[in-house]
Asker: 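Dropping the structure in here first, questions after.
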Amino acid sequence: MDMNSWMYFVFAAFVALFLYVRFAPVKGLRTLKSEQFQAELESADKPLLIDVREPAEFKAGHIPGARNVPLSQLQARIHEIPKDRKLLLYCRSGMRSKTAAKILLRHQYKELAHLGGGISAWRGRVSK
């Protein structure tokens with residue numbers, strides 16, 4: 001194998017690893033469609049709804065009843081989130097909520113679900 005082929009192979013391997021890490025399912029996190037997310041919100045056990053977008057995004061429109069804990073502040077504010085409640089997370093597209101779930105799982109949070117596709121996929125009401 002010549003040097004160019006070797007470098008191409010290494011680059012392709014890094015890209016594949018990046019994509020896998022970015023898009024692979026997270027063990028312990030349920031991904032819900034809009035209808036499933038809505039049903040969970042209305043369930044008797046009243047889960048805590050957390051919007052992990054930045055404050056300006058939250059103010060532009062959020063799911064009613066959501067608490068804004070931006071991903072950028074999650075580590076510093078994790079003490080505000082009770083461990084004994086089911087948590088429903090969402091962001092704009094589903095990527096930040098997935099990252100937030102990884103952080104929460106490392107801190108022994110158990111019942112986590114997020115809105116696949118984020119608020120962009122949400123079919124329910126939005127508050128401003």
Side-chain angles (χ1 to χ4, degrees):
M1 199 184 284
D2 67 2
M3 187 57 115
N4 284 340
S5 296
W6 179 248
M7 289 178 67
Y8 177 76
F9 175 76
V10 170
F11 176 74
F14 277 119
V15 169
L17 179 62
F18 171 79
L19 291 173
Y20 175 76
V21 168
R22 189 83 171 149
F23 296 105
V26 175
K27 185 177 180 182
L29 174 65
R30 295 181 302 128
T31 300
L32 305 175
K33 295 180 179 175
S34 181
E35 301 78 26
Q36 296 168 309
F37 200 78
Q38 181 74 44
E40 292 272 340
L41 277 174
E42 296 169 354
S43 67
D45 58 354
K46 294 294 178 198
L48 180 58
L49 179 61
I50 300 175
D51 183 329
V52 299
R53 298 176 300 155
E54 293 301 313
E57 294 174 283
F58 182 81
K59 288 176 187 166
H62 58 273
I63 298 173
R67 180 187 296 184
N68 185 219
V69 181
L71 178 60
S72 62
Q73 300 173 16
L74 184 60
Q75 291 281 12
R77 295 179 57 192
I78 203 159
H79 65 278
E80 296 176 22
I81 303 170
K83 287 189 176 181
D84 61 347
R85 288 185 66 187
K86 182 187 295 185
L87 303 178
L88 296 179
L89 309 169
Y90 75 94
C91 61
R92 183 181 50 83
S93 67
M95 297 308 291
R96 284 179 282 179
S97 58
K98 191 175 178 182
T99 301
K102 289 178 185 177
I103 294 167
L104 291 165
L105 287 164
R106 282 195 299 267
H107 285 86
Q108 281 71 52
Y109 285 81
K110 301 286 184 224
E111 290 193 68
L112 302 174
H114 83 124
L115 178 58
I119 200 164
S120 300
W122 178 243
R123 301 292 170 245
R125 241 183 64 221
V126 173
S127 295
K128 292 191 179 193

Asker: Kindly give the heavy-atom pair with the smallest separation between Arg125 and Ser127, and that separation in Å.
Answerer: NH2-OG, 3.6 Å
Asker: Do Ile78 and Val69 touch side chain to side chain, with heavy atoms closer than 4.5 Å?
Answerer: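 A side-chain contact is absent here, since even the closest heavy-atom pair is not under 4.5 Å.
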Asker: Compare every heavy atom of Leu87 with every heavy atom of Pro82, then report the nearest pair and how far apart it is.
Answerer: O-CD2, 4.2 Å
Asker: Decide whether Tyr109 and Leu48 are clustered together by the hydrophobic rule: side chain heavy atoms of Ile, Leu, Val, Met, Phe, Trp, Tyr closer than 4.5 Å, transitively.
Answerer: yes
Asker: Would you give the length of the straight line joining atom CD1 of Ile81 to atom CG of Asp84, rounded to the nearest 0.5 angstrom?
Answerer: 12.5 Å
Asker: Starting at CG of Leu32, measure out to CG of Leu89 and round the result to the nearest 0.5 Å.
Answerer: 10.0 Å
Asker: Tell me which pairs pass ring pair (Phe, Tyr, Trp, His ring centres under 6.0 Å) where either residue lies in residues 63-105, with sequence neighbours left out.
Answerer: none
Asker: Can you tell me how far CG of Leu29 sits from CG of Leu104, rounded to the nearest 0.5 angstrom?
Answerer: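 Atom-to-atom, Leu104:CG and Leu29:CG are 9.5 Å apart.
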Asker: Scan the side chains in residues 111-121 for donor-acceptor partners under 3.5 Å anywhere in the protein, sequence neighbours excluded, and list what turns up.
Answerer:
{"from": "His114", "atom 1": "ND1", "to": "Ser97", "atom 2": "OG", "distance (Å)": "2.8"}
{"from": "His114", "atom 1": "NE2", "to": "Thr31", "atom 2": "OG1", "distance (Å)": "3.1"}
{"from": "Ser120", "atom 1": "OG", "to": "Arg92", "atom 2": "O", "distance (Å)": "2.9"}

Asker: Rounded to the nearest 0.5 Å, what separates atom CG in Leu88 from atom CG in Asp51?
Answerer: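 Answer rounded to 0.5 Å: 12.0 Å.
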Asker: Find out whether Leu71 and Cys91 are in side-chain contact, i.e. whether some heavy atom of one side chain is under 4.5 Å from a heavy atom of the other.
Answerer: no
Asker: Verify the cluster assignment for Ile63 and Met95: are they in a single hydrophobic cluster under the rule of side-chain heavy atoms below 4.5 Å apart?
Answerer: no
Asker: Under the rule for ring pair (Phe, Tyr, Trp, His ring centres under 6.0 Å), what residues qualify as partners of Phe58, not counting sequence neighbours?
Answerer: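 Listed in chain order: His62.
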Asker: Who are the side chain to side chain contact (heavy atoms under 4.5 Å, CB included) partners of Ser43, not counting sequence neighbours?
Answerer: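 Result, side chain to side chain contact (heavy atoms under 4.5 Å, CB included) vs Ser43: Asp45, Pro47.
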Asker: Roughly how far apart are Ile50 CD1 and Leu74 CG, rounded to 0.5 Å?
Answerer: 7.5 Å
Asker: Does anything in residues 65-76 form a side chain to side chain donor-acceptor pair (under 3.5 Å)? List the pairs, not counting sequence neighbours.
Answerer: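 Residue pairs with at least one partner in residues 65-76: Glu54-Ser72, Gln73-Arg77.
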Asker: Which donor-acceptor pairs under 3.5 Å do the side chains of residues 33-40 make with protein atoms, sequence neighbours left out?
Answerer:
{"from": "Ser34", "atom 1": "OG", "to": "Arg123", "atom 2": "N", "distance (Å)": "2.9"}
{"from": "Gln36", "atom 1": "OE1", "to": "Lys33", "atom 2": "N", "distance (Å)": "2.7"}
{"from": "Gln38", "atom 1": "NE2", "to": "Glu42", "atom 2": "OE2", "distance (Å)": "2.6"}
{"from": "Glu40", "atom 1": "OE1", "to": "Arg30", "atom 2": "NH2", "distance (Å)": "3.4"}
{"from": "Glu40", "atom 1": "OE1", "to": "Lys86", "atom 2": "NZ", "distance (Å)": "3.0"}
{"from": "Glu40", "atom 1": "OE2", "to": "Arg30", "atom 2": "NH1", "distance (Å)": "3.2"}
{"from": "Glu40", "atom 1": "OE2", "to": "Arg30", "atom 2": "NH2", "distance (Å)": "3.4"}

